[in-house]
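Okay, structure first, notes after.
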Amino acid sequence: MSEVRILGIETSCDETAAAVVADGRRILSNIVASQVDLHARYGGVFPELASRAHIEAIVPVVQDAMAQAGTTWDDLSAVAVTVGPGLVGSLLVGVNVAKGLALGRGLPLIPVNHLEAHIYANWLDTGDGPRDFSFPLLVLIVSGGHTELVLMRGHGDYQYLGGTLDDAAGEAFDKVGRLLGLPYPGGPNIEKAAAAGNPARFRLPRSWLEETYDFSFSGLKTAVARLVQQQGAPSRFVSDLAAAFQEAVMDVLATKTVAAAREFGATAILLSGGVSANQVLRAAIRARATVPVYYPPPILCTDNAAMVAACGYFRYRAGVRANWDLDVDPDLRLV
Ligand code: KG4
Ligand code: ZN
C-alpha cells in the first residue's frame with residue numbers, strides 16, 4: 001500500500017501550526033508559530049488577539065510546512081484539522097483554512113479531537129524507530145485545559161477513568177507561576193525555577209480524593225497564595241516554593257496514573273499534553289511504574305500539528321471523513 005501523507009492543521013489555542021506526516025508516524029515537516037510573546041504581557045491567552053494572530057500566520061505556516069516537507073498537493077491523501085476543544089475563534093481559523101484547502105484540492109477532510117491528537121504524539125517517530133503499542137494503554141493527558149486519566153482500549157476507543165474537578169494541571173502551573181511573579185507560561189518557568197529549589201522547605205497539601213481517579217489542584221493553589229502573601233516573593237523563596245508546588249502536583253499525578261495502570265492491566269503508560277514535557281513528572285512516573293512509560297519529546301508534548309496529522313492518519317484509516325458543513329466544538333470531549 002502506498003504511503004499516506006497527511007497535512008495537519010492546529011489552531012485551538014495560541015500556537016498556529018501545520019505539519020506533514022507520513023503514515024501517521026514519520027514527520028516530514030512540523031511548523032509551529034507561537035504567540036507566547038503576544039500573550040505574555042496579559043499573563044495568559046487573550047482570545048481575540050489569538051484568533052487575529054492565527055489569521056495572520058496560518059497561510060505562511062501551511063506554506064512552510066508544505067515546502068519543508070518537499071510535498072506537492074498531489075502527494076497528500078487528506079487534510080486533518082483540530083475541531084475542538086479550544087477557543088472558538090481560534091478553532092474557526094484552522095477549520096476554515098482546512099476546508100478551503102481540502103475543497104480546492106479535492107482532498108478528504110478529517111476532523112481531529114485536540115486531546116486525542118496529544119495522545120497520538122506518542123506514535124510519532126523521533127529517531128528511535130517507529131513505536132507500536134499493544135492495548136490497553138493507560139493514558140495521562142495533562143495540558144493547559146485538561147487533566148484526564150483514560151484507558152485506551154484500541155484506536156479511537158477510550159474509557160474515561162477520572163479527571164480534574166477544578167483546575168487543569170497546566171492551568172494550576174500557569175496560575176501559580178503568576179503568583180510567584182514568573183513569566184507566562186508558568187509550567188516551563190516553574191520547572192526552571194524549581195531546579196534550584198528545595199521542595200522540602202514547604203509542606204503543601206495534596207488532594208488525594210481517595211477511591212477515585214479524580215484530581216483537584218485548587219486547594220494547593222490557595223496554599224501557595226497564602227504563603228506568598230505571608231512572605232512576599234524573594235528569589236530563594238520562589239525557587240523553594242516552585243519546587244514544593246511542582247512536587248505536590250507530580251506526586252498526585254504519578255501515584256494515580258500508576259495505580260490506574262495496575263488496576264486496568266495496561267501494557268504501558270503514555271503521557272501526553274504540555275505538562276508531560278516536565279522532567280519531574282516523567283521521573284516520578286518512571287520511578288513508580290511497573291510497565292514501560294512513554295512520552296513524546298518536549299516539542300511534541302506542547303501544541304503542534306504533527307500530532308494532529310498522526311491522529312488524522314488513524315481516523316483516515318478508520319474511514320472517518322468530515323462533511324463540508326463541519327463546525328468547531330469548543331467543548332469537545334474525548335469520551
Ligand atoms: O498541551 P498544551 O501546549 O496546550 C493545551 O492544550 O492546553 O499545554 C500547555 C500547558 C500550559 O499550561 C503550560 O504551562 C504547561 O502546559 N507546560 C508545562 C511545561 N511545559 C508546558 N507544565 C509543567 N512543566 C513544563 N515543563
Ligand atoms: Zn494542547
Side-chain angles (χ1 to χ4, degrees), residues 8-17 19 30 32-36 39-40 42-45 47 50 54 81-87 90-91 94 112-122 139-148 163-164 167-180 182-195 197 217 220-221 242-243 245-254 270-285 295-308 310-311 330-334:
I9 294 180
E10 157 63 40
T11 63
S12 70
C13 190
D14 61 345
E15 325 281 356
T16 313
N30 186 26
V32 181
S34 172
Q35 304 175 10
V36 162
H39 301 293
Y42 304 100
V45 178
H54 285 309
V81 63
T82 301
V83 298
L87 300 168
S90 290
L91 290 164
V112 166
N113 180 318
H114 181 80
L115 298 174
E116 194 172 12
H118 271 301
I119 299 173
Y120 276 95
N122 282 289
V139 182
L140 173 67
I141 306 169
V142 268
S143 69
H146 295 83
T147 298
E148 294 186 6
T164 184
D167 291 345
E171 188 181 358
F173 269 85
D174 292 338
K175 287 178 176 171
V176 165
R178 224 170 302 157
L179 286 172
L180 295 177
L182 296 170
Y184 170 82
N189 288 301
I190 286 182
E191 182 172 15
K192 220 178 290 167
F217 299 112
L220 179 57
K221 186 187 62 196
F245 165 78
Q246 179 173 255
E247 193 178 86
V249 173
M250 301 322 188
D251 187 16
V252 178
L253 288 174
L270 304 190
L271 309 184
S272 57
V275 181
S276 67
N278 188 287
Q279 302 295 337
V280 173
L281 176 65
R282 294 166 170 208
I285 294 183
Y295 33 77
I299 187 77
L300 297 175
C301 289
T302 50
D303 288 350
N304 66 87
M307 68 184 195
V308 175
C311 181
D331 302 315
L332 186 62
R333 294 179 53 86
L334 187 62

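Just follow the structure's listing: the first ligand is 1, and inside any ligand the first atom is 1.
Residue Asp303 approaches the Zn ion (ligand 2) most closely through its N/O/S atom OD1. For His114, the N/O/S atom at the shortest distance from the Zn ion (ligand 2) is named NE2.
The Zn ion (ligand 2) lies at 2.8 Å or more from every N, O or S atom belonging to His146. Residue side and main chain included, His118 places an N/O/S atom under 2.8 Å of the Zn ion (ligand 2).
A donor-acceptor pair under 3.5 Å is formed between the side chain of Asn304 and the backbone N or O of Leu300. The backbone N or O of Gln279 lies less than 3.5 Å from a partner atom in the side chain of Glu191, making a donor-acceptor pair. The closest donor-acceptor contact from the side chain of His146 to the backbone of Ile141 lies at 3.5 Å or more, if one exists at all. With hydrogens and angles ignored, the 3.5 Å screen pairs a side-chain donor or acceptor of Gln35 with a backbone N or O of Ala50. Looking only at distances, a side-chain donor or acceptor of Asp174 sits under 3.5 Å from a matching main-chain atom of Gly186. Thr11 places no side-chain N or O within donor-acceptor distance of the main-chain N or O of Ala17, the cut-off being under 3.5 Å.
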Worked check of side-chain hydrogen bond (donor to acceptor under 3.5 Å, both in side chains) between Thr16 and His54: CA-CA 6 Å; Thr16 313; His54 285 309; 2.8 Å; yes

Would you please test Phe173 and Phe245 for ring pair (Phe, Tyr, Trp, His ring centres under 6.0 Å) and show each step? CA-CA 9 Å; Phe173 269 85; Phe245 165 78; 5.0 Å; yes

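Taking each heavy atom of Val142 and Ser276 in turn, the nearest pair found is CG2-N, 3.9 Å.
Counting only heavy atoms of the protein, atom 2 (P) of ligand 1 lies nearest to Asp303 OD1, 3.3 Å. Of the protein's heavy atoms, Val275 CG2, 3.9 Å lies nearest to atom 15 (C) of ligand 1. Closest to atom 22 (N) of ligand 1, if we only count protein heavy atoms, is Gly187 CA, 3.3 Å. Among protein heavy atoms, the minimum distance from atom 24 (N) of ligand 1 is reached at Asn278 ND2, 3.0 Å. In this structure, the protein non-hydrogen atom closest to atom 26 (N) of ligand 1 is Glu191 OE1, 2.7 Å.
Considering backbone and side-chain N/O atoms, Met250 never comes within less than 3.5 Å of an N/O atom of ligand 1. Below 3.5 Å of separation, one finds an N or O of Gly274 facing an N or O of ligand 1.
Here is the list of ligand 1 atoms found below 4.0 Å of a heavy atom in His114: 6 (O). Within ligand 1, counting atoms from 1 as listed, the ones closer than 4.0 Å to a heavy atom of Gly145 are 7 (O). Distances below 4.0 Å separate heavy atoms of His118 from the following atoms of ligand 1: 1 (O), 6 (O). The ligand atoms of ligand 1 that sit less than 4.0 angstrom from a heavy atom of Gly170 are 12 (O). The Gly144 neighbourhood of ligand 1 comprises atoms 5 (C), 7 (O), 8 (O), 9 (C), 10 (C), 12 (O), with distances under 4.0 Å to a heavy atom of that residue. Of all the atoms in ligand 1, the ones that sit under 4.0 Å from a non-hydrogen atom of Asp174 are 11 (C), 12 (O), 13 (C), 14 (O). For ligand 1, the atoms sitting less than 4.0 Å from at least one non-hydrogen atom of Thr302 are 3 (O), numbered in the order shown with element in parentheses.
Side chains of Asp303 and His114: a donor-acceptor N/O pair is present below 3.5 angstrom, by distance only. A side-chain donor from one of Asn278 and Gln246 sits under 3.5 Å from a side-chain acceptor of the other.
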